[in-house]
Structure formats: structure tokens, C-alpha cells
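Some notes on the structure that comes next.
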Amino acid sequence: MILLTGGSGFIGSNLLSELNKAGINDAIIVDNINSIEKSANLNGLNYSFSINKYNFWSWIVREQPKISLIIHLGACTDTTELNKQYLQENNIEYSKRLFKIATIENIPFIYASSAATYGSGINSFSDLHSKLNQLEPLSEYGRSKHDFDKWLLTQKEKPSYWIGLKFFNVYGPNEKHKKNMASAVFKFIDQARQDSIIKIFKGSHGYNNGEQERDFIFVDDVIKVIMWFSFNKGKNGIYNVGTGTTTTFNRIAKCITKEKKDVRFYT
């Protein structure tokens, strides 16, 4: 039985769909389903049941389920969140408690870190553990993810199999519930559908309008990585999950306008 936190979210619901295709229909979903859009992400998918993340701790003590794998995707992913206490509780302490369960029970543990841990990238995007302490996240969200990565690596006791995955700019279906935190790709497509206009980001930090670059990766490719690590024994560690190639916002907008001829974009 797989324990999947964040299972009704963007990446989580896409992963659940792929698990279903692989014949796995008994996952336990742990999440805070707080919107119609997020609830809709689970429509048509198979799982044992879902439990609110705040009720999870009492439930697991009471039920003591036989869990074969923990995939921990649940977190506050709002990169503009400034409440350090909220991020500490949701992104660090919650993850620590899950990791300790995985360690005690020796359950394989796969979790979502973030490319936000790299900050500006001035210290490169290497996933070597030896360079982890050189990273300087720019947001409190990135710092919370980075702090958990650092904490995990200092633990003497760990489950025999554990994997951290630093997702870059993931885009794809089931993002609607994320609202302002949805990917630029999702926002551009939505703008094109709604208004036939794509509003490009203004230039900053030496970049011209829309020439800022990001490593955009389609959610299906992210799911393939998670599935591989879930059912193959990779080397324990924290890995980057991106394409390795950056793309400008202007190029993304131009790709969309090729598909929808009546769309124009401006800054």
C-alpha cells in the first residue's frame, strides 16, 4: 500500500493516475482538499481513501497500516508565503515526522524538494550533496525545502531507501487549483483561451521583456521519474528533475500563438 501525500494536488493527482495505469488502486491519499478544483483532480481515479493531513497522525497510530512506500509531495508550495512558522510546520516538521516513520519502519521514502533551493543559481545547479550548504534560496519557501534537505542529510538513521527530487518548473493538467502559483505555461494558455492575449513579464535584472529563462518540464516527464524511483532501486540521494535546458517566456508565448492564431502577446 502506497501512502501519497499531496495526492489531490497537481503532481500528486497526475502520479495517482499513472499508478492506476500500473494497476495500483489502493493508495492512501493524505491532503488538505480545500477547493472544488482540487477535489476535481481526483475524479475518475482509484484509491483506498483520502484523509485530511491534520487527522493523519492520529489515524496512523490508531490503524497502523502496512505501508510499502511513502511518496511525500504534500507541502505549502506558495513561493510568496512569508509566514515562517507556517512553512516550518508544513514543509519541515511534517516532513521530519514522516521521515522518522519511514526510518523506524524501514519504508522507502520519496519526497519532493524544489529547484527553489538554488536561489539565483549563482552557486550552480549541481545536485552534489557536498555543495548543498553553498546554496542560498531567495524565498522563505525555498529556504524551508532547503532546510529539510540539509536536516535529512545529517540524520545518522535513515530508511534503507530514500530519494529527494528537486522539481524545476513543472507544468501540465490539474493546475487550476493553484491559482496564482500555477505555472507560467498554464497561465499563458488560460489567458489565450479567455482573452486571446498573453501578458508577458516585464524585463528585470538585466533581462529584456519576456527574456527571463526557466527550465520548464512537462508533468508527465516528472511522473516518469517518480515512477522509476518508486519501482526501481536507485542510489539514495537528492536529484534534480528538469530538462537541463532553459526556455524564455517569450518562446513559450510564441509556441502558444502558433497553435492559436488569433492570440497576441505583450508586456
Side-chain angles (χ1 to χ4, degrees), residues 6-18 31 34-42 73-81 87 91 111-121 125 137-142 144-145 165-205 207 209-226 239-260 263 265-267:
S8 68
F10 167 39
I11 297 176
S13 59
N14 280 283
L15 175 59
L16 181 59
S17 177
E18 194 63 25
D31 211 333
N34 54 8
S35 69
I36 294 174
E37 293 88 357
K38 199 170 183 180
S39 177
N41 287 344
L42 294 176
L73 305 179
C76 169
T77 57
D78 186 343
T79 58
T80 65
E81 180 60 64
L87 289 166
N91 293 4
Y111 76 98
S113 181
S114 172
T117 59
Y118 290 109
S120 67
F125 295 96
L138 298 178
S139 65
E140 293 301 332
Y141 161 75
S144 69
K145 288 292 190 178
L165 299 174
K166 291 194 174 189
F167 300 133
F168 279 69
N169 291 261
V170 188
Y171 68 94
N174 294 3
E175 285 194 71
K176 188 174 182 179
H177 70 280
K178 296 183 68 176
K179 301 188 185 306
N180 287 337
M181 287 298 107
S183 71
V185 177
F186 180 89
K187 289 179 179 178
F188 287 176
I189 292 173
D190 190 53
Q191 289 172 14
R193 287 172 175 167
Q194 297 289 333
D195 306 313
S196 293
I197 292 176
I198 297 174
K199 185 169 175 54
I200 297 295
F201 300 107
K202 290 184 178 180
S204 63
H205 299 86
Y207 290 96
N209 294 340
E211 287 300 301
Q212 301 94 329
E213 297 178 315
R214 298 291 186 273
D215 186 341
F216 294 100
I217 181 169
F218 188 50
V219 68
D220 284 5
D221 295 319
V222 168
I223 299 308
K224 289 176 183 177
V225 173
I226 300 174
Y239 296 86
N240 289 339
V241 182
T243 67
T245 302
T246 58
T247 304
T248 66
F249 292 111
N250 282 334
R251 185 177 180 188
I252 295 294
K254 287 176 182 177
C255 288
I256 295 170
T257 58
K258 286 181 180 179
E259 295 298 318
K260 199 173 188 305
V263 176
F265 62 95
Y266 67 96
T267 55

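With sequence neighbours left out, Phe216 forms a ring pair (Phe, Tyr, Trp, His ring centres under 6.0 Å) with Phe249. Lys187 meets the side chain to side chain donor-acceptor pair (under 3.5 Å) test with no other residue; sequence neighbours excluded.
For the residue pair Asp215 and Thr243, a side-chain donor N or O sits within less than 3.5 Å of a side-chain acceptor on the partner.
Using a distance-only test at 3.5 Å, with no hydrogens or angles considered, no donor-acceptor pair links the side chain of Asn14 to the main chain of Val219. Side-chain atoms of Asn91 never come within 3.5 Å of backbone atoms of Lys145 as a donor-acceptor pair (strictly under, hydrogens ignored). Formation of a donor-acceptor pair under 3.5 Å by the Glu175 side chain with backbone atoms of Ser183 is found in this model.
Contact of the Lys179 side chain with the Glu37 side chain is registered, since non-hydrogen atoms from C-beta on lie closer than 4.5 Å. At least one side-chain heavy atom of Leu138 sits under 4.5 Å from a side-chain heavy atom of Ser120.
Rounded to the nearest 0.5 angstrom, Ser13 OG and Lys38 NZ are separated by 9.5 Å.
When all heavy atoms are compared, the tightest approach of Gly210 to Ile200 is CA-CG2, 3.2 Å.
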*List the steps, then state whether side chain to side chain contact (heavy atoms under 4.5 Å, CB included) holds for Ile252 with Tyr171.*
CA-CA 12 Å; Ile252 295 294; Tyr171 68 94; over 6 Å; no
*Can you check side chain to side chain contact (heavy atoms under 4.5 Å, CB included) on Phe168 and Thr246, steps first, answer last?*
CA-CA 10 Å; Phe168 279 69; Thr246 58; over 6 Å; no
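With Phe10 as the aromatic partner, Lys178 does not meet the cation-pi criteria of under 6.0 angstrom to the ring centre and within 45 degrees of the ring axis.
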Give the table of side-chain donor-acceptor pairs shorter than 3.5 Å for residues 73-80, with sequence neighbours excluded, one pair per line with atom names and distance.
from: Asp78; atom 1: OD1; to: Thr80; atom 2: N; distance (Å): 2.8
from: Asp78; atom 1: OD1; to: Thr80; atom 2: OG1; distance (Å): 2.6

